[in-house]
Amino acid sequence: GGTPRPPLTPPPPPPHLQESKGRLASHPTVVPQLVALLQPGCGEHLQSGVLRLLHNLSFDTPLRQQMLAAGLVQQVREGED
């Protein structure tokens, strides 16, 4: 019983993270350069780090749109073959 609790919401990101994402989004060549690092032969450790970074940035809509425009989905699919 009792009163229902409101759903938990994550805290907002720290201001310096928001600022960094904003700067990154304002440079349209950065995301395509990150996606290019997923080409075969770029090194497994580097690619793992790039994928983690892209995953974290994908929660930001403008950055996610840049990833799609840069062909990220196609790159990941080709890497699975």
Is any side-chain heavy atom of Leu34 closer than 4.5 Å to a side-chain heavy atom of Leu72?
-> no
Can you hop from Val35 to Leu46 via hydrophobic side chains spaced under 4.5 Å?
-> yes
Which heavy-atom pair separates Leu54 from Met67 by the least distance, and what is that distance?
-> O-CE, 3.2 Å
Specify the closest pair of heavy atoms between Ala36 and Cys42, including all atoms of both residues, with the distance to one decimal.
-> O-SG, 4.2 Å
Heavy-atom closest contact (Ser58 atom, His55 atom, distance) | OG-O, 2.6 Å
Of all the heavy-atom pairs spanning Gln39 and Gln47, show the shortest one and how long it is.
-> O-NE2, 2.7 Å
Any side-chain heavy-atom pair from Arg64 and Leu57 closer than 4.5 angstrom?
-> no
Honestly curious: do Leu37 and Leu53 fall in one hydrophobic cluster under the side-chain, below-4.5 Å linking rule?
-> yes
Enter the distance from Gln66:CD to Asp60:CG here, rounded to the nearest 0.5 Å.
-> 9.0 Å
